[in-house]
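Input: a single structure, listed below in structure tokens.
So that the names make sense, note that chain A is the first sequence line, chain B the second, and so on, each numbered from 1.
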2 protein chains.
Amino acid sequence: MQISLMEKTVQKRTLKTRARLIAASEEVIQRGGYSALRVEDVVQVAGVAKGTFFAHFHDKDALMEILMAEKLNACFDQAQAGEAPKTVTQIIVAMEPVHSFMTSERYVFDLLIRYSGAAAVAEIGPIAYCFERYFRVLMTWLETADVRQDVAPELLAEGVQAFAMQAMSLKFCALHSSQSFQGRLEVYLQAWLTPTA
Amino acid sequence: MQISLMEKTVQKRTLKTRARLIAASEEVIQRGGYSALRVEDVVQVAGVAKGTFFAHFHDKDALMEILMAEKLNACFDQAQAGEAPKTVTQIIVAMEPVHSFMTSERYVFDLLIRYSGAAAVAEIGPIAYCFERYFRVLMTWLETADVRQDVAPELLAEGVQAFAMQAMSLKFCALHSSQSFQGRLEVYLQAWLTPTA
DNA sequence: TCTATAAACTGACCACGGTCATTTTTGGAG
DNA sequence: CTCCAAAAATGACCGTGGTCAGTTTATAGA
């Protein structure tokens, strides 16, 4: 029997295969990091054919998005565990898990940037969702923090995100390695959130 | 005869082949944009073997860096042609050619970010050099512009760069397409350069 | 239980960036 | 001019992401 509007009827097998692919991916990443993930290795470990991988994920990056978003959300949970930070220094400390993961690998950072925005309105991906979360978490904190009040918390949050991305970029840049990531971000955010002119 | 300290003795042929590869690349890009560039097409147009390409450029991205940096430097020349801008709006207008090229293609923007920092101190690439130039141009302008004086022009310039990158990122994001690039950047920079609290 | 159909899976194949042992060309020394 | 070592060029080959026509498997209906 078929209901007129397209039905999916997903088989149990599908979920099982998908779970095997995810588990295999995590195992491969465990061994050599995200950048070392090869689709052929994943399907070999999972015990399925290559084509099956692409029946479950649109492409390799789609899988990476899922895996990275999972980790990132755990980092956000950690960041939100304590009470809301009030000062620039406290904000940086609270966000440390997130920034740490984001800069754990150059390859990870590049992928995060590429998928930080939803290319099409309808399809906001897991990573784009994480960046939305980054924005919302910061905005909530900034509403009650000791920061300038002349502009909206939304704008302040966008700025913090921009400065954080800048500081993370420079972490991968040999030319600017004289200062630490947290030190640099602190300078940025003091100037952005607590201007004195 | 060979002088002891390593000599290069570059043949004329080398320069000619390299010029042919560059010209062929520009022709291919002319037709389909940067993202459509295929090494096999380039060597076919240039009339050389594939291996020759990699004898002249470390990899495809190295060629892209050279080509994009050439364009970018032309944009900077244009930006610096007039007299130094004084206000936020004038700065945005002056930088328009640069931002326009940077966001001309998603593929171009991604490459620019990836190569914006020098991975190794010794080898600052063409794109990393362009980002240095971006910073220096802004810093010079900001020294004599109508902006806050409580922080150094260096820091202000870094901030403008961070906000510009953020605004360009959002240009590729369907979720935030309600506002224009220049409008968004103007809001950012007013808050960054001329705070009122 | 049997059958028809849609869902899931398969693996040979392709596209494209990149490698390297071998061959060809160049230009200075004799 | 001839010779030869270094420089340049070659193209068969490889790794890896991604495709798709064909095969197998699950399940709804009889």
Q | Nearest-angstrom distance from the residue atom CZ of B/F57 to C1' of D/dA8 | A | 14 Å

Q. Restricting to pairs with a member in residues 51-81 of chain A, which pass ring pair (Phe, Tyr, Trp, His ring centres under 6.0 Å), not counting sequence neighbours?
A. A/F53-A/F57

Q) Over how many whole Å does the gap from A/K16 atom NZ to D/dA26 atom C1' extend? A) 13 Å

Could you write out each protein N or O paired with an N or O of nucleotides 22-26 of chain C at a distance under 3.5 Å?
none

Q. For nucleotides 13-23 of chain D, read 5' to 3', which letter fits each nucleotide if B means a protein heavy atom sits under 4.0 Å from the base, S means only the sugar-phosphate is that close, and - means neither?
A. ---SBBBB---

Q: Write out all pairs satisfying salt bridge (charged side-chain N to carboxylate O under 4.0 Å, His left out) with one or both partners inside residues 175-191 of chain A, taking only residues at least two apart or from two chains.
A: none

Q | Side-chain N or O of B/H56 closer than 4.0 Å to phosphate OP1/OP2 of D/dA8 | A | no

Q.
Can you list everything that forms a salt bridge (charged side-chain N to carboxylate O under 4.0 Å, His left out) with B/E27? Sequence neighbours excluded, please.
A. B/R31

Q) Once you round it to whole Å, what is the distance between C1' of D/dT10 and CD of B/Q44? A) 16 Å

Q: Scan residues 18-30 of chain A against DNA chain C and write down, sorted by residue number, each residue with any heavy atom closer than 4.0 Å; if none is found, say none.
A: none

Q | Phosphate contact (C/dC9 OP1 or OP2) by A/T17 side-chain N/O below 4.0 Å | A | yes

**Q.** Summary of salt bridge (charged side-chain N to carboxylate O under 4.0 Å, His left out) pairs that have at least one residue in residues 97-115 of chain B, sequence neighbours excluded
**A.** A/D110-B/R114, A/R114-B/D110, B/D61-B/R114, B/R106-B/D110

Q. About how many Å separate CZ of B/R148 and CG of B/L142, when rounded to the nearest 0.5 Å?
A. 11.0 Å

(Q) Just to verify, what does B/K60 make a side-chain hydrogen bond (donor to acceptor under 3.5 Å, both in side chains) with, not counting sequence neighbours? (A) none

Q) Which residue pairs satisfy the salt bridge (charged side-chain N to carboxylate O under 4.0 Å, His left out) criterion with at least one member in residues 36-48 of chain A, sequence neighbours excluded? A) A/E40-A/K50

Q: Using side-chain hydrogen bond (donor to acceptor under 3.5 Å, both in side chains) as the criterion, list what pairs up with A/S169, not counting sequence neighbours.
A: none

Q: Test side chain to side chain contact (heavy atoms under 4.5 Å, CB included) on B/T103 and B/V108 and set out the steps.
A: CA-CA 7 Å; B/T103 55; B/V108 167; over 6 Å; no

May I have the list of side-chain donor-acceptor pairs in residues 126-137 of chain B shorter than 3.5 Å, sequence neighbours left out?
unit_1, atom_1, unit_2, atom_2, d
B/R133, NH1, B/N73, OD1, 3.0
B/R133, NH1, B/D77, OD1, 3.4
B/R133, NH2, B/D77, OD1, 2.7
B/R133, NH2, B/Q80, OE1, 2.8
B/Y134, OH, B/H99, NE2, 2.7

**Q.** B/R13: side-chain hydrogen bond (donor to acceptor under 3.5 Å, both in side chains) partners, not counting sequence neighbours
**A.** B/Q11

Q. Between C/dA8, D/dG11, D/dA8, which nucleotide has the shortest distance from any of its atoms to the side chain of A/V10?
A. C/dA8

